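Comments concern the structure below.
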Amino acid sequence: MISQVYKNGFKYAYRTSLLMITWVPVMIVMNEHICYVGKIEGSSMRPTLNPSSKASDWVLLWKWGIRSYNGIQVNDVVLFRSPTNPEKIYCKRVKGVQGDTILTRYPYPREQCHIPRNHLWVEGDNVHSIDSNTFGPISTGLVIGTATRIIFPFSRWMEIPNGGREARITKLDAFVD
Amino acid sequence: MEKAKFFGKVFSYVLRGGCAVHVLQSHFYEFTETRGESMLPTLAASNDYVYTSKRYKLGRGVEIGDCIVALKPTDPDQRVCKRITGMPGDIILIDPSMENKKDDKSKFDVDNKESFNKFIKVPEGHCWVTGDNLAHSLDSRTYNSLPLGLIKGKIIAANDFNQPFWGGERGNFWGFRKVSNNYIDDELEETIVPTIAS
């Protein structure tokens, strides 16, 4: 009698674990194509993200629709694979999309840069950051997702505010006039 | 009610099956069609199917001479299939054929030709890719070096469905053949050849 109960228990556990394994690929695909979380490390997005070096921020990474037209817009915060080392993931703010002309900053060899088709100009909110001024415009194919909201230290639960500078020549001209 | 339950079950199976196949294709192994003339002697222009190993995605362990599948930097919706002809740090002569059509006079005056003197050093984390059919290929000569992060996999074999099932000129089983690394290191050969001669 008891052995029968054990047998059914094992059978139940076996069946349930098998059932759960079949849902693992579904979860992987959702994390790859719809949304995921990301931990922000480093100081390049200060003061927007990681305002103090004590605790890291966790952000909600939205991946659905970033490949569509206007899927990534200026002032979005994006996570992308570094063009100089594909194993590294950088978090920066988009400062220009395809067709924009950018007024660059110090390490960049030229004063202005025209963004090619399907490329982005990304910069950290902090001036001390390794960004497009070092490695140039990045292809949108390297983008993993847009960070839309800070989720982890619950005290900092909010949408990611605007930050950084205006880099597009056209907007800067309008500002001067 | 019965019907709803049935459709729910079917949907659940389709979802799980589809996702499993997708994970398999994006992380382990893919068998897919290629089109276009850019890799012509190696891969046919149409109806050629390639076996892609995803172990090499993000350029993990790729070498010069490997055939790779990558996202096109200027249009990430498209995938391109090219051969790596330069790794980080290599110095590349961009395209000596550029000027041949423009002026026939200076054809043999190599030193003065601009296109023979245009070199580029492949930056860190990038590679230089070209098609095997240089005359009909849109590659690094146009969109500059390719970030390794855009590499999706390495082509290891191909099937040509233009060929007969057995006994075709490219091999048996629908022209099955391995796509291998065809890079020849000149420096290495020079050192090996004299030792054989003596």
Side-chain angles (χ1 to χ4, degrees), chain A residues 18-34 63 65-72 78-90 92 97-99 107-109 113-122 130 132 134-145, chain B residues 9 11-28 54-62 68-80 84 87-89 120-129 138 140 142-154:
Chain A
L18 267 193
L19 198 74
M20 271 164 74
I21 286 168
T22 61
W23 284 98
V24 168
V26 180
M27 235 171 73
I28 295 173
V29 169
M30 292 242 298
N31 288 345
E32 268 174 11
H33 295 284
I34 298 172
K63 304 191 173 193
I66 53 164
R67 290 270 185 279
S68 61
Y69 179 74
N70 268 357
I72 302 169
V78 292
L79 268 78
F80 59 94
R81 291 201 176 270
S82 160
T84 51
N85 179 3
E87 305 295 338
K88 259 190 191 167
I89 294 171
Y90 285 165
K92 299 276 183 273
V97 293
Q98 51 181 350
Y108 202 72
C113 176
H114 185 78
I115 311 293
R117 188 163 166 246
N118 281 314
H119 280 63
L120 301 170
W121 186 269
V122 288
I130 296 166
S132 276
T134 316
F135 46 70
I138 59 155
S139 168
T140 47
L142 290 170
V143 174
I144 293 169
Chain B
K9 217 167 185 177
F11 175 76
S12 149
Y13 279 126
V14 169
L15 183 73
R16 279 180 280 172
C19 288
V21 169
H22 182 84
V23 167
L24 190 77
Q25 282 195 343
S26 55
H27 291 286
F28 298 101
K54 302 286 167 152
R55 201 152 60 93
Y56 299 88
K57 75 178 152 118
L58 303 178
R60 285 175 188 143
V62 292
I68 50 122
V69 174
L71 299 182
K72 200 176 182 176
T74 51
D75 187 1
D77 292 336
Q78 280 185 41
R79 286 194 300 180
V80 292
I84 295 180
M87 289 303 281
I120 195 169
K121 191 175 178 188
V122 180
E124 180 132 349
H126 289 66
C127 62
W128 194 262
V129 290
L138 185 74
S140 280
T142 313
Y143 49 67
N144 208 335
S145 41
L146 176 94
L148 289 175
L150 293 180
I151 293 178
K152 292 287 154 196
K154 176 169 141 184

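Remember, predicted model here, so these are calculated numbers, not experimental data. Naming convention: chains lettered A, B, ... in sequence-line order (proteins, then strands); numbering from 1 in each chain. As a basis for the values below, the full set of heavy atoms in this structure was taken, side chains included, without hydrogen atoms, waters or symmetry mates.
When heavy atoms are compared at a cutoff of 4.5 Å, B/Leu71 approaches chain A solely by way of its side chain, counted from C-beta outward. Neither the backbone nor the side chain of B/Pro123 has a heavy atom closer than 4.5 Å to any heavy atom of chain A. Neither the backbone nor the side chain of A/Pro116 comes within contact range of chain B, judged by heavy atoms closer than 4.5 Å.
Between chain B and the residues A/Thr140, A/Ile138, A/Val24, the most heavy-atom pairs under 4.5 angstrom are made by A/Thr140. Of the listed residues (A/Asn85, A/Val29, A/Val143), the greatest number of heavy-atom pairs within a distance under 4.5 Å of chain B belongs to A/Val29.
A/Trp121 pairs by the ring-ring contact (aromatic ring centres under 6.0 Å, His included) definition with A/Tyr108, not counting sequence neighbours. For B/Leu24, the side chain to side chain contact (heavy atoms under 4.5 Å, CB included) partners are B/Phe28, not counting sequence neighbours.
Side-chain atoms of B/Asp75 and A/Arg117, non-hydrogen and from C-beta on, do get closer than 4.5 Å to each other. Inter-residue side-chain proximity for B/Pro76 and A/Asn118 is flagged as met; some heavy-atom pair is nearer than 4.5 Å.
Annotation for A/Glu32 and B/Ser26: closest pair OE1-OG, 4.1 Å, computed over non-hydrogen atoms. Nearest heavy atom pair, residue B/Leu150 against residue A/Gly141, reads CD2-C, 3.4 Å. B/Val23 approaches A/Pro25 most closely through the heavy-atom pair CG2-O, 3.8 Å. Of all heavy-atom pairs between A/Ser139 and B/Pro73, the closest is OG-O, 2.9 Å.
The number of heavy atoms from other shown groups lying within 6.0 Å of CD1 (A/Ile130) does not exceed 12. The environment of CD in A/Glu87 is crowded: more than 12 heavy-atom neighbours from other residues, nucleotides or ligands sit within 6.0 Å.
Atom OG1 of residue A/Thr84 and atom CG of residue B/Leu148 lie 10.0 Å apart, to the nearest 0.5 angstrom. Interatomic distance, NE2 of A/His33 versus NE2 of B/His22, reported as 3.0 Å (0.5 Å rounding).
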